[in-house]
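Throughout, a chain's letter reflects where its sequence line sits, starting with A, and its residues are numbered from 1.
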Amino acid sequence: MSEYNHKKIEENWRAFWEKNHTFRTENDASKPKYYILDMFPYPSGAGLHVGHPLGYIASDIVTRYKRLKGFNVLHPMGFDSFGLPAEQYAIQTGQHPAITTEENATRYIEQLKNIGFSFDWSREVRTSDPKFYKWTQWIFMELFRSWYNKETDQAEPIETLIAKFETAGTYGIQAVSDDDVPHFTAEEWNAKPEREQYEITLKYRLTYVADAVVNWCAALGTVLANDEVKDGVSERGGYPVEQKLMRQWMMRITAYADRLLRGLDTVDWSDSLKEQQRNWIGKSTGAEVSFQIEHRVEQIKVFTTRLDTIFGVSFMVLAPEHELVAELTTLAQKPAVDAYVTAAKMRSERDRMADAKTVSGVFTGSYCINPFNGERVPIYLADYVLAGYGTGAVMAVPSGDQRDWAFAKHFDLPIIPILDGQKDIDKQADNTKEGRYINSGIIDGLTYQEALPVLVKFLEEHGIGKAKINFRMRDAVFSRQRYWGEPVPVYFKDGLPYLLDEQDLPLELPPVDKYLPTETGEPPLARAEDWKYKGDFEYELSTMPGWAGSSWYWYRYMDPQNDQEFADQKAIDYWRDVDLYVGGSEHATGHLLYSRFWNKFLKDRGYVPEEEPFKKLVNQGMILGRSNFVYRLKESVGEGKIPVFVSNGLKGQYDVTPLHVDVNIVENDVLDVETFIKTRPDFAENAEFILEDGKYICGVEIEKMSKSKFNVVNPDTIVERYGADTLRLYEMFLGPLTDAKPWNTNGIDGVYRFLKKFWRLFYEEPTETRPGRWLVTDEKPTPAELKALHKTIRKVAEDIEHLSFNTSVSAFMVCVNELSALKCNKKAVLQELVVVLAPFAPHITEELWAALGNEAGTLSYAEFPVFNPAYLVEDTIEYPVQINGKVRTTLVFSVDTVASDIEKEVLANEVVLKWLEGKTPKKVVVVPKRIVNVVM
RNA sequence: GCCGGGAUGGCGGAAUAGGUAGACGCGCAGGACUUAAAAUCCUGUGAGCAGUAAUGUUCGUGCGGGUUCGAUUCCCGCUCCCGGUACCA
C-alpha cells in the first residue's frame, strides 16, 4: 500500500484488535500494575460529540505508553447509566428507561470503538445493571450496619457499639451520631425493649433517616433538582417551587470530614481541586455559645469563629426554618413573621446566599440574653442565615461583619465598637483582630491572643458553651423521589426501617405503569403493584442518587463478573487504587468527595487496602463549540417577503438578526449557500445573499456545544473523513489538556498533512504510471538524524509524564519536518519513531510496524525507545546579547568559554560598541549558557 | 454573593529555578507543477515608522502600578470570561 489510506488501515486494525483481544487485561501479579481510569459517562441520547473523547484520548495515550514501558495496565470503560434524562424520556414516552439506556450505551460503544481506544471491553460495567447495583445495595447495607467510633477514628460494625452499651451504657462513648441521642447506663440499656434498643442504634448508623430540605414542586408532585429550578419556579412548566422538609435517607459523610480533609495532603491532584474540596468541607475552629431566651426555658445555640466579638452582639438572627421560630414569635409580630417565613420558603438556598445586596428580615418580638454581660438581645429572622449551616442561628456583630452591619443599619440597631483597632465602622464593618478590646467587660484592654483563653474559660466555667470545631459540610441526602435509580434495600416494619436479607439482593426495580409520582405525592415506586417484602412489608420507595454507583465502581472493574463479592480480594490487593484518574472538574465536590468517603468506609471495614482511591487526578478542560451565524435583514422578514442575508463583514451597515447556522455546512467561515438553502427551506427559501468578495462569510461565537446552537461536531464525521489517528492527534494538538478550548475543524488539515508526510518517509509518492516504492533502507543513521529522533524521544516521554500532549504533537511535526529535509528513510530511525508515535496514532503505526517486518499486532506491547543524551551534545552556544535588557545581537561561543572571555568579546563587538556610544557600561551580566546583558 | 480557574498575532496555541515573546499548526498572500482545478511543494506573514532593498528602529503577552540588569513568568490593585455552589451527571 503506497498511499496513506486511513479508512482501510484503521478498519483493518480495529478488527484485528477485537479479534485477537489485544487489550484484554489479566489480573497478573507478576508485572507492575498501572490503573488508568476515565470518569465513566452517562450515555445520553445525543451520542458523543468531539468534546467527550478528549479525556479518553489523553488517558489512552498514557495507557499505551505505560504498556510500552512494561506495565500491566488496567484501562476499562463503562456507563453511569442511571440518570434523569432517561427517566424524563420515559415520563414523556412511556418507554422503560432501561431500553433507552441500552440503546444509548450501544451507540456510545460504537462511537468509542471507532476512535481506537485500547479499553478492555470485557470488563465493562453499567450501574443500572442489577448484577452491578446488587453491590451498590450491599455497600449501603454495610453502611447501615456500621457506626463511626471517634476513639479509633474509624467505622466499626454496629455490634461493637451495642457491646459497649451492654457493658457501660453510653458512658465514654465517642461516636458520630444524631444530636438527640439519649444517655443511659448499661442496666438501663439492657432493660430496654428490643424495639427501643434498635431505635437508638438508628441514631448512630452511617446511613439513617432524617428530615431534609428539598425543592418541592406541588404542581408536578415531585422534588426538583436545583438545576431544574429557575427563578423560584420549575424550569418545566414554570410552576411554583417551595422549600420543604421531607423524610430522606442520609449518609453520615460528616463523620469523615476530618479524614477527607487530611487525605487531600496525600494525593497528587491539582491545587485548585484540593482547595475546592477544602472549602466544601469548610473546617472552622470556634466556639458554641448558648443564649438563654428571655422568659422561656429554651436556649439558642450559635456557633462563632469570633468568640472575641461577643460583647459587640446587638441582635440575634435565626434562619426562617429554625425550630424555635413559632415559639419565639409574639402575637403582635405573628403576621409579619408568617409572611416572611412563607416568602423565604419560595427562595432557593443559592438565591438566598447569592443575594447579598438586599437586606431583609423580621423581628420576632422576643429577646435572648447575652451570657457574657446579661444584655437583652432582640431576635430577628433573616433568610441569609441557612438552617443547614451550623446551628441555624447567628450572633450578629455589626461592627465586625458586613452583612450584620448592613442589617443593623437597615433596622436601626446599635453598632458597638469592640476593638480600638477598628476603623470607620460608621461607614462599614471592620473585621480586624488588631488593637485592644473596648466595651468588652472581662476582656477590656486585652489583645486578641490574650482574650481568647479568658473567654473559653468563662464559657466552660459557666456551662454556657464550649470550644468547638465546625464543618460547613453537611450529611449527604441519599434519597431521590425518582424511578430510575437503585432501589434502597430497606423495608419498614411498624414504622421502623430494616435491611433486607443479603440473599434477597439485588432488590430489582419493579415495573410501574407510569414513571411519575403518585397523586398523593409518593415516589414512582409506590405505583408498583404487589411490591412488598416477603409479601407483607412496605419497601422504601425512594431510590438512590446518581452518585451511588459511581462512588465505588472502580473496584468492580477489577473483577466485574464476581457474584460472590463486589470484587475478589486478590484482585483488589493487586490493583489497589487508581494511578491516574481523568475527568471533568465539575465532579470536584460531588463524585470525588462521595467516592473518597465510601472508599475510606470500605477501608475501615477491611474490604479495600488504600485510604485514598485516586492517587493522581487531572481534569480535562471542556471543548467548546464554535458557532457560526448568518445575518438576516430585519426588514426582509414577513409575509410575502424574500429573506435577505448579509455577509459578516457588511452586517454593520444593516439592521440584522443573527441566526445560528449549522457549522457542518460552513468551511473556514464561508457558508455553503446552496446547501444552506436546501437544508433550511423554513427560512432560506428563495433567499438573497449580499456577499463580500463573492463569498458569504459567517460570524463566529464560542459557546457550549449543543444541538440548539447547531455547533455540534460528531467524531464519527471526522473519523470518516480524516481517520481516528488524525482525530486523536488533533484533539491533543488543540491545546493543554486541562484548558477549556474551542473546537474548530479548520485546523485539522495540519495534522492530517503531518500523517501523510510521516507516511512519505516510508513510501514514495505514487505517480500515475506506478505505485510508490518502499523507501526504507538499512543504512546507518547520521548524527543529525539521530539528534532529530532522540530530541523527540526525550520530549515525548517527558510530555506524556506531564500530560502535555499538545507539545508532543508539535515535537512529532518538527521531527518529521527535519527527517524529511534530511531525506532520512533509515529503518534504525523510523522504527523507533513508529513506537514513539504509537500511543498517539495507533492505527498508522501498527500498519508501518508490520510493514517494517515486525509481527503484526505486537506494537502495543513493544518497548519504548530509550533516550540517549549523547546524540544531543552541543559544542557551541548562541548567546543573545542585550543592551539594557533589549536584544541587539547574538554571538556564538564554545560551551566551555568562561564568563570573563565572553564579557571581553562582547564589549569588543561592533553592535555593542555602537549602542554604548563611547560610554563605559555600568555592569555586564553574563549568565552562563543563557544570555549576556550590558547595562549602561 | 462565596470558592476555584483563565486572558499571549486574524485563529488554536509555544516559551515560566525570571533570560532572544510568538515554536508547531490553521488561515492569508505570492510562487512552482497543471489546459484548469484539487492535491503536493517552496517563500513570506505580530503591529507601526524609515528605506527600492538588505536592513534599521519603536511598540507589543487583558488594564493600572511595583520588584529586577532583565517580567508572558514574581508581588499589589482592577476588568472581563468560564466552572462549582450540595437532587444535572
Side-chain angles (χ1 to χ4, degrees), chain A residues 39-42 44 80 82-85 88 212 214-215 222-229 248 270-276 278-280 282 349-357 384 388 403 472-482 545-547 550 584-591 593 619 621-622 624 626 668-669 700 702 704 730 733-736 738-744 746-751 753-754 756-757 760 765 806-807 809-814 817 878-890 921-925 927 929-936:
Chain A
M39 290 186 191
F40 60 174
Y42 174 79
S44 86
D80 192 8
F82 276 130
L84 274 185
Q88 199 48 43
V214 296
N215 299 311
T222 189
V223 173
L224 298 177
N226 282 338
D227 220 47
E228 298 174 297
V229 183
Q248 307 274 7
S270 71
D271 288 337
S272 69
L273 191 53
K274 291 192 203 178
E275 197 55 26
Q276 279 186 66
R278 285 192 191 105
N279 290 331
W280 184 269
E349 207 170 84
R350 196 183 301 180
D351 284 346
R352 283 164 57 172
M353 281 188 295
D355 185 6
K357 290 191 189 93
Y384 72 79
R403 258 182 334 193
R472 198 180 77 97
M473 185 166 70
R474 326 199 276 254
D475 277 343
V477 181
F478 198 69
S479 286
R480 297 293 181 267
Q481 277 58 47
R482 307 281 182 185
W547 52 268
S550 61
S585 61
E586 66 275 18
H587 299 287
T589 47
H591 163 60
L593 265 176
N619 296 131
M622 195 193 301
L624 301 164
R626 188 175 184 280
N668 291 331
D669 297 331
V700 174
I702 305 301
K704 253 191 178 165
Y730 186 56
F733 189 57
L734 277 178
T738 52
D739 288 5
K741 54 215 160 244
W743 174 269
N744 184 353
N746 293 349
I748 201 167
D749 284 313
V751 293
R753 271 179 216 144
F754 155 74
K756 284 197 284 191
K757 202 166 175 183
R760 283 278 156 270
E765 190 163 3
N806 54 327
T807 49
V809 179
S810 354
F812 285 124
M813 289 174 170
V814 171
N817 287 345
E878 191 187 52
Y879 281 81
V881 179
Q882 300 181 329
I883 314 289
N884 286 340
K886 289 192 174 155
V887 178
R888 297 302 178 184
T889 188
T890 55
K922 280 197 196 113
K923 184 170 162 190
V924 178
V925 182
V927 185
K929 297 185 176 158
R930 283 263 185 210
I931 204 165
V932 182
N933 191 10
V934 181
V935 187
M936 57 182 275

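Within 4.0 Å (heavy atoms only), F733(A) reaches at least one base atom of the nucleic acid. Counting non-hydrogen atoms under 4.0 angstrom, V223(A) reaches a base of the nucleic acid. Looking at heavy-atom distances under 4.0 Å, M473(A) makes contact with a base. Residue contacts shown for P736(A) are limited to sugar-phosphate atoms, with no base heavy atom under 4.0 Å away. Among the atoms of the strands shown, none is found under 4.0 Å from any heavy atom of S270(A). Residue contacts for Q248(A): at a heavy-atom cut-off of 4.0 Å it reaches a base atom on one of the strands shown.
Nearest nucleotide to the P742(A) side chain, out of G12(B), G4(B), A14(B): G12(B). Relative to the side chain of V925(A), the nucleotides C69(B), G4(B), C87(B) differ in distance, and C69(B) lies closest. When the nucleotides C87(B), G12(B), C69(B) are ranked by their closest atom to the side chain of V935(A), C69(B) comes out on top. Nearest nucleotide to the V887(A) side chain, out of U20(B), C24(B), C41(B): U20(B). For M813(A), the listed nucleotide lying nearest its side chain is C24(B); candidates were C24(B), G83(B), A14(B). Counting only heavy atoms from C-beta on, W280(A) has its side chain closest to U85(B) among C88(B), G19(B), U85(B). In this structure, the nucleotide among C87(B), A14(B), U20(B) sitting nearest to the side chain of E878(A) is U20(B). Counting only heavy atoms from C-beta on, V214(A) has its side chain closest to C87(B) among C87(B), G4(B), A86(B). Of the candidates G19(B), A15(B), C3(B), G19(B) carries the atom nearest the R930(A) side chain, counting heavy atoms from C-beta on. The side chain of R888(A) sits closest to U57(B) out of U57(B), G83(B), C24(B).
Within the 4.5 Å cutoff, no side-chain heavy atoms of F478(A) are placed close to those of Q248(A). R482(A) has its side chain out of reach of V223(A): every pair of non-hydrogen atoms, C-beta onward, lies at least 4.5 Å apart.
When the P atom is used for both G13(B) and U67(B), the distance is 33 Å, rounded to whole Å. Using C1' as the reference atom, C24(B) and U45(B) are 15 Å apart when rounded to the nearest Å. Nucleotides G56(B) and G64(B) are separated by 30 Å at their P atoms, to the nearest Å. When the P atom is compared between C28(B) and A39(B), the two are found 11 Å apart, to the nearest whole Å. Across the C1' atoms, U8(B) and A23(B) are found 13 Å apart, a figure rounded to whole Å. Taking atom P in both C11(B) and C69(B), one finds a spacing of 36 Å when rounded to whole Å.
Contact between the side-chain N/O atoms of K886(A) and the OP1/OP2 oxygens of C59(B) is found at a separation under 4.0 Å. For the pair R480(A) and A89(B), the criterion of a side-chain N or O lying under 4.0 Å from OP1 or OP2 is not met. Contact annotation: K923(A) side-chain N/O to C69(B) OP1/OP2 distance is under 4.0 Å. Dashed line: the shortest gap from a side-chain N or O of R753(A) to OP1 or OP2 of U40(B) is under 4.0 Å. A close approach under 4.0 Å does not occur between any side-chain nitrogen or oxygen of N744(A) and OP1 or OP2 of C26(B). Remark: R474(A) is not in phosphate contact with A86(B), judged by side-chain N or O atoms under 4.0 Å from OP1 or OP2. Side-chain N/O atoms of K756(A) include one lying less than 4.0 angstrom from OP1 or OP2 on U40(B).
The partner of U43(B), taking Watson-Crick or G-U wobble pairs whose two distances both stay under 3.5 Å, is A29(B). The nucleotide G1(B) finds its pairing partner in U85(B), both defining distances of the Watson-Crick or G-U wobble pair being shorter than 3.5 Å. As the counterpart of G22(B), no nucleotide is assigned, since no Watson-Crick or G-U wobble pattern has both distances under 3.5 Å. The partner of U72(B) cannot be assigned: no Watson-Crick or G-U wobble pair with both contacts below 3.5 Å exists in any strand. The partner of A36(B) cannot be assigned: no Watson-Crick or G-U wobble pair with both contacts below 3.5 Å exists in any strand. Pairing for C80(B) goes to G6(B), judged as Watson-Crick or G-U wobble with the two contacts each under 3.5 Å. Look at G56(B): its Watson-Crick or wobble partner, with both distances under 3.5 angstrom, is C49(B).
Residue M622(A) contributes atom CE, which lies 18 Å from atom C1' of G12(B) at whole-angstrom precision. Rounded to whole angstrom, the span from the CG atom of N746(A) across to the P atom of C11(B) amounts to 13 Å. Note: CH2 (W547(A)) to C1' (A89(B)) measures 14 Å, nearest angstrom. Residue Y879(A) contributes atom OH, which lies 13 Å from atom P of U20(B) at whole-angstrom precision. One atom, CE of M39(A), and another, P of G83(B), lie 17 Å apart when rounded to the nearest Å. Whole-Å rounding puts the K922(A) NZ to G70(B) P distance at 10 Å. Rounded to an integer number of Å, the gap from L624(A) CG to G5(B) C1' is 14 Å. Atom C1' of nucleotide C87(B) and atom CZ of F82(A) are separated by 16 Å, given to the nearest angstrom.
Nearest-nucleotide mapping onto RNA chain B: of A476(A) and G735(A), the residue sitting toward the 5' end is G735(A). Closest-nucleotide positions on RNA chain B for K741(A) and N817(A) were compared, and the one nearer the 5' end corresponds to K741(A).
The line from NZ of K922(A) to CG of N884(A) is 7.5 Å long, rounded to the nearest 0.5 Å. To the nearest 0.5 Å, atoms OG1 (T807(A)) and CZ (F812(A)) are separated by 10.5 Å. Taken from OG1 in T738(A) to NZ in K741(A), the straight-line distance is 7.0 Å, to the nearest 0.5 Å.
A distance of 6.0 Å or more separates the ring centres of W547(A) and F82(A).
Below 30°, between 30° and 60°, or above 60°: for W743(A) and Y730(A) the angle between ring planes is above 60°, a perpendicular geometry.
S550(A) and H591(A) make their closest contact through O-CE1, 3.0 Å (heavy atoms, listed as atom of the first residue, atom of the second, distance). The two residues I931(A) and P880(A) have their closest heavy-atom pair at CG1-O, 3.5 Å.
G27(B) adopts an anti glycosidic conformation, its chi angle falling more than 90° from 0.
Inspection of the N817(A) and K757(A) side chains reveals an N or O donor paired with an N or O acceptor under 3.5 Å.
Side-chain atoms of Q882(A) and base atoms of C69(B) include no donor and acceptor less than 3.5 Å apart. At a cut-off of 3.5 angstrom, the base of C69(B) holds at least one donor-acceptor pair with the side chain of N933(A).
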